[in-house]
Amino acid sequence: MNKAFLILLLTFSTAVVFGQKNKPNVTDKTKPFVLGLIDEIQSKVLAEKRTLNIYLPEGYKQNDTTKYPVIYLLDGAADEDFIHIVGLVQFNSFEWVNQVPKSIVVGIATVDRKRDFTFPTSIERDKKSYPTAGHSDKFISFIEQELEPYIQSKYRTNTNKTIIGQSLGGLLASEILLKKPTLFNQYIIISPSLWWDNGSLLTQDAEIKESTFNQPTNVYIAVGKEGLTPTEIPRVMEVDANVLAEKIKGFKNKNVKVFFDFLPQENHATIMHQAVSNSFKFLYQAVKKE
């Protein structure tokens with residue numbers, strides 16, 4: 001029995017050593033797969049350094065005369081939404097697809113979503129649950145006064161600017177649309193957390209309702225089958241998103257186009273990728289026909 005075991009052990013060891021020796025040595029042939037750049041900006045408004053993930057389209061050259069649209073992505077870290085959204089942008093800008101113009105993507109890595117994406121709330125429970133919340137005004141100032149000027153000065157950009165935000169990011173994008181609409185001319189708002197402060201943003205006055213607002217602006221709002229909100233007074237995510245769309249349509253401003261997209265097979269966790277893909281078909285119809 002001992003001899004049989006010893007022979008079996010030697011046979012197994014030889015096989016393992018042989019297998020290891022014959023494994024392909026890939027380390028000397030590999031190299032990093034580079035998807036984009038990691039940039040940083042020191043913000044005086046936020047009193048901190050912010051990480052930016054930058055995707056530059058194929059053919060981008062700093063010394064060229066070509067200028068590109070910019071897509072600003074909230075929750076834009078590598079372990080958030082940057083990689084899969086860049087994939088959508090790249091695919092849709094392929095010449096044989098031609099749905100989206102070649103674009104720069106700026107992913108803003110998250111530091112504190114509650115702090116940056118929410119305005120002050122009157123709900124005491126939320127004040128206690130989210131003690132850092134309520135400083136979206138500073139984050140919007142950061143975008144307006146620091147981030148956009150930085151990107152425009154460093155990269156070859158044109159005047160077309162899109163923002164993408166989901167959940168609390170969708171709340172922030174909605175707030176910017178109503179309070180500072182000229183910061184972007186395209187808004188992709190997905191599953192917005194309009195329940196914040198008991199839906200007070202839905203009663204917010206808006207610059208885009210004025211006849212003097214003449215910037216062509218496209219707004220895409222998407223929501224899945226998401227149900228009740230995490231609030232003491234129950235709200236329905238689908239209803240709130242639709243109310244926002246109808247509110248904007250009700251302004252009857254011919255310069256503002258609104259697209260509402262209900263995705264019943266998606267939920268709050270799964271909607272982001274499909275909604276952004278759908279948004280390109282709504283927002284870039286003219287590009288498709290060129």
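Heavy atoms only: backbone and side chains are in, while hydrogens, waters and symmetry mates are out.
Using modelled atom types, no side-chain atom of Lys61 and backbone atom of Thr66 make a donor-acceptor pair closer than 3.5 Å. Under the 3.5 Å distance criterion, the side-chain polar atoms of Ser279 are matched with a main-chain donor or acceptor of Val276. Remark: the backbone N or O of Ile233 is paired with a side-chain donor or acceptor of Thr231 at under 3.5 angstrom. Between the side chain of Asn92 and the backbone N or O of Ser277, no donor-acceptor pair lies under 3.5 Å. Thr157 places no side-chain N or O within donor-acceptor distance of the main-chain N or O of Val70, the cut-off being under 3.5 Å. Remark: the backbone N or O of Lys161 is paired with a side-chain donor or acceptor of Asn185 at under 3.5 angstrom.
Under the 6.0 Å distance and 45° angle rule, Lys179 counts as a cation-pi partner of Phe119.
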Salt bridge (charged side-chain N to carboxylate O under 4.0 Å, His left out) evaluation trace for Glu207 with Lys209: CA-CA 5 Å; Glu207 184 182 333; Lys209 80 173 185 178; over 6 Å; no
Assess the residue pair Asn218 and Gln186 against the criterion (side-chain hydrogen bond (donor to acceptor under 3.5 Å, both in side chains)); give the C-alpha distance rounded to whole Å, side-chain angles, the decisive distance to 0.1 Å, and a yes or no. CA-CA 5 Å; Asn218 293 325; Gln186 296 202 127; 3.3 Å; yes
Verdict with reasoning, Tyr220 to Tyr187, per ring pair (Phe, Tyr, Trp, His ring centres under 6.0 Å): CA-CA 6 Å; Tyr220 170 87; Tyr187 290 80; over 10 Å; no
Residue pair Lys49, Glu146: steps toward the salt bridge (charged side-chain N to carboxylate O under 4.0 Å, His left out) verdict: CA-CA 12 Å; Lys49 185 179 290 185; Glu146 298 177 326; over 6 Å; no
Intermediate values then yes/no, side-chain hydrogen bond (donor to acceptor under 3.5 Å, both in side chains), Asn278 and Gln274: CA-CA 6 Å; Asn278 287 3; Gln274 188 59 57; 2.9 Å; yes
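Atom NZ of Lys257 sits about 13.0 Å away from atom CZ of Phe282, to the nearest 0.5 Å. To the nearest 0.5 Å, atoms NZ (Lys254) and CZ (Phe213) are separated by 13.5 Å. For the atom pair CG (Asn255) and OG (Ser211), the distance works out to 10.0 Å, reported to the nearest 0.5 Å. One finds the CG atom of Leu172 at 13.0 Å from the CD atom of Gln166 (value rounded to the nearest 0.5 Å). Rounding to the nearest 0.5 Å gives a distance of 9.5 Å between CH2 of Trp196 and OG of Ser136. To the nearest 0.5 angstrom, Thr132 atom OG1 is 8.0 Å from Lys114 atom NZ.
Follow the hydrophobic side-chain contacts under 4.5 Å out from Val89 and you reach Ile190 in the same cluster.
Between Asp39 and Lys154, at least one side-chain nitrogen of the basic residue sits less than 4.0 Å from a carboxylate oxygen of the acidic one, meeting the salt-bridge criterion. In summary, Lys180 and Glu144 engage in a salt bridge, as defined by a charged side-chain N under 4.0 Å from a carboxylate O. Looking at Arg156 and Asp64, no side-chain N of the basic residue comes within less than 4.0 Å of a carboxylate O on the acidic one, giving no salt bridge. Between Lys281 and Asp261 no salt bridge is recorded (no basic side-chain N to carboxylate O distance below 4.0 Å).
Within 6.0 Å of NZ in Lys67 there are 12 or fewer heavy atoms belonging to other residues, nucleotides or ligands. More than 12 heavy atoms of other residues, nucleotides or ligands lie within 6.0 Å of CD in Gln62, so this atom counts as buried by the packing criterion.
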